[in-house]
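As structure tokens, the structure follows; a few thoughts come after it.
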Amino acid sequence: MYLKLSVIAALVAVATAAPSSTTVVAPAPSSTSGSSTPAPLIPLPPFSGTLVGAYPTQDKIAPTDTPLVKQWLAELNLTNIATWPVVPFTAAGDPKNPSAIPAASCDWTETNCINKDLTTCPLGVWGLTYDDGPTTFSGKLYDFLDTTDQKATLFYIGSNVVQNPALARRACGAGHQIAVHTWSHNPSTSLTNEQFVAEVKYTEMAIKELCGFTPRYFRPPYGDIDDRIRGLLWAMGYTSVIWDLDTNDWMMAPGGTRTMAQVDAAFAQWIAAAPTDKTGHMVLEHELYANTVDAAIANLPKVQATWKAMPVSACMNDPHPYQEKNITLATMNGAKTGVTNGNTTTSSSTTAGGSTATGSAGTSTASGNASHSTTGSGAVSNMVVSSSVTVLAAAAAAVALGQMLF
């Protein structure tokens, strides 16, 4: 089940064209349609345009000998982490000896073994996810999502976050669920414990600096995860997310020979089978390059007409996908997107799914660290910022106090 990991990793690097410098000046937020970017639903921290954190070289495995990494490791209780060995990979991107991977390690890519990983949403719900952003192509996707007030889970690569800070901030402010996809997009089981912690924490740090919050959800690159990696994630407070449907959109040019028609056919097949679905879905798509974004835009309206499309946290009815509990994202059972800060509360007009779709949302059983609950709808009122919002003024300077954000 392993993909050609070295090919995908090369594509990630080409798509982002990230230099090695960790000092980045932010360009203006991208809007390929010419429309203005909506005012943020989640107020953002001030940002001068230059990152101040000390970040690793982009697209390289994060170092483990820095004071920050040593501090992060010291703060974690790793005594109960499984001792399964690091899996060596070939230059072609495959395990050198897949038969040597112990079945008891619960390696998903080898055996489809699940251990508290999230893989599906409740019946009638489409978990909308995009991996590998933010890239130079992300603005076009975010423009389209804005047109239907559709929110998604965006699994961000840390290297890409520091390369494209304005796009990352745009997505954070828009109320998308932001999650971690490592720093360098290497197979998780190929990393030592220390390397994996560094990869997650540096990505987490970049998102925190730009967006003001700390994700609690993680997707392993290539779905490469075993119980050693899961244990490290649990120690850091993360829920792992995989998928049950794969568009294989990354195989379109320049990744391979897959055509847009073949990706469209996969969506058509899933839509035709929707009346007999036993569960909802979590679907693997990418904002990696132009073709994957075009495929996402072409097929999203069909998805919205068949399922209730929403972020993973929404379909899990988890209103707090970040460590900061004052930030809430919309869920199926009616939680509203907003921020509480002292006596200040913001709330959003955004529903969990953004747009209405056919299909019914069923009840899900608890799994992993996310909260599963019963069905419901996310009807919410327009977002209003209280006139007492003085602490958020710098983060939302363009928004007059008392003015509608949406």
Side-chain angles (χ1 to χ4, degrees), residues 9 11-30 37 40 42 44-63 66 68-69 72 129-139 141-142 145 152-186 188 196-221 236 238 241 286-289 292-293 311 321-324 327 395:
L11 287 167
V12 171
V14 169
T16 56
S20 59
S21 172
T22 59
T23 300
V24 180
V25 177
S30 172
T37 301
I42 302 295
L44 301 174
F47 179 54
S48 68
T50 301
L51 288 159
V52 299
Y55 295 100
T57 302
Q58 293 166 40
D59 303 317
K60 302 293 184 184
I61 295 175
T66 68
L68 268 177
V69 175
W72 292 329
T129 75
Y130 300 103
D131 286 16
D132 297 348
T135 70
T136 54
F137 309 107
S138 295
L141 175 63
Y142 301 165
L145 294 175
T153 301
L154 307 177
F155 290 98
Y156 273 177
I157 298 173
S159 290
N160 293 354
V161 171
V162 300
Q163 174 62 16
N164 299 291
L167 284 165
R169 282 169 62 81
R170 173 181 175 179
C172 293
H176 296 293
Q177 181 196 357
I178 308 301
V180 171
H181 200 42
T182 74
W183 176 264
S184 65
H185 206 270
N186 277 278
S188 299
F196 183 74
V197 168
E199 288 264 322
V200 171
K201 285 293 189 177
Y202 274 119
T203 304
E204 181 184 285
M205 179 174 128
I207 293 169
K208 174 73 171 180
E209 179 178 345
L210 291 169
C211 300
F213 53 69
T214 310
R216 292 180 43 248
Y217 285 67
F218 171 88
R219 174 172 278 168
M236 291 184 282
Y238 278 85
V241 182
H286 295 80
E287 52 183 300
L288 179 57
Y289 41 84
T292 63
V293 167
Y322 307 127
Q323 290 183 21
E324 295 75 18
I327 299 176

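Small disclaimer: the values here were computed from a predicted structure and weren't measured.
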Original post:
Say you draw a straight line from OG of Ser138 to CG of Asn160; how long is it, rounded to the nearest 0.5 Å?
Top reply: 8.0 Å
Original post:
Do Thr135 and Glu287 have a side chain donor and acceptor closer than 3.5 Å?
Top reply: no
Original post:
Any side-chain donor paired with an acceptor under 3.5 Å for Gln177 and Thr153?
Top reply: yes
Subject >> Any donor-acceptor N/O pair, Asn164 side chain to Pro134 backbone, under 3.5 Å >> reply: yes
Original post:
Are side-chain N/O atoms of Ser159 and Trp183 paired as donor and acceptor at under 3.5 Å?
Top reply: yes
Original post:
Between Pro165 and Val162, what is the shortest heavy-atom contact and its length?
Top reply: CD-O, 3.6 Å
Subject >> Flag side-chain contact, heavy atom, 4.5 Å: Tyr156 against Val180 >> reply: no
Original post:
What is the minimum heavy-atom distance between Ile178 and Pro215, and which atoms define it?
Top reply: O-CB, 3.5 Å
Original post:
Is any side-chain heavy atom of Lys201 less than 4.5 Å from a side-chain heavy atom of Met236?
Top reply: yes
Original post:
Can you check whether Tyr289 reaches Val293 side chain to side chain, under 4.5 Å on heavy atoms?
Top reply: no
Original post:
Between Phe137 and Tyr142, is the ring centre distance below 6.0 Å?
Top reply: no
Original post:
Taking His286 for the side chain and Asp131 for the main chain, is one N or O donor matched with an acceptor at less than 3.5 Å?
Top reply: no
Original post:
Is the backbone N or O of Ala62 less than 3.5 Å from a side-chain atom of Glu199, with the two atoms forming a donor-acceptor pair by type?
Top reply: yes
Original post:
Could you state the interatomic distance from CG (Leu167) to CZ (Arg169), rounded to the nearest 0.5 Å?
Top reply: 12.0 Å
Original post:
Within the distance-only criterion (no hydrogens, no angle test), does the side chain of Thr66 pair as donor or acceptor with the backbone N or O of Val69 below 3.5 angstrom?
Top reply: yes
Original post:
Where is the tightest heavy-atom contact between Arg219 and His181, given as atom of each residue plus distance?
Top reply: O-ND1, 2.7 Å
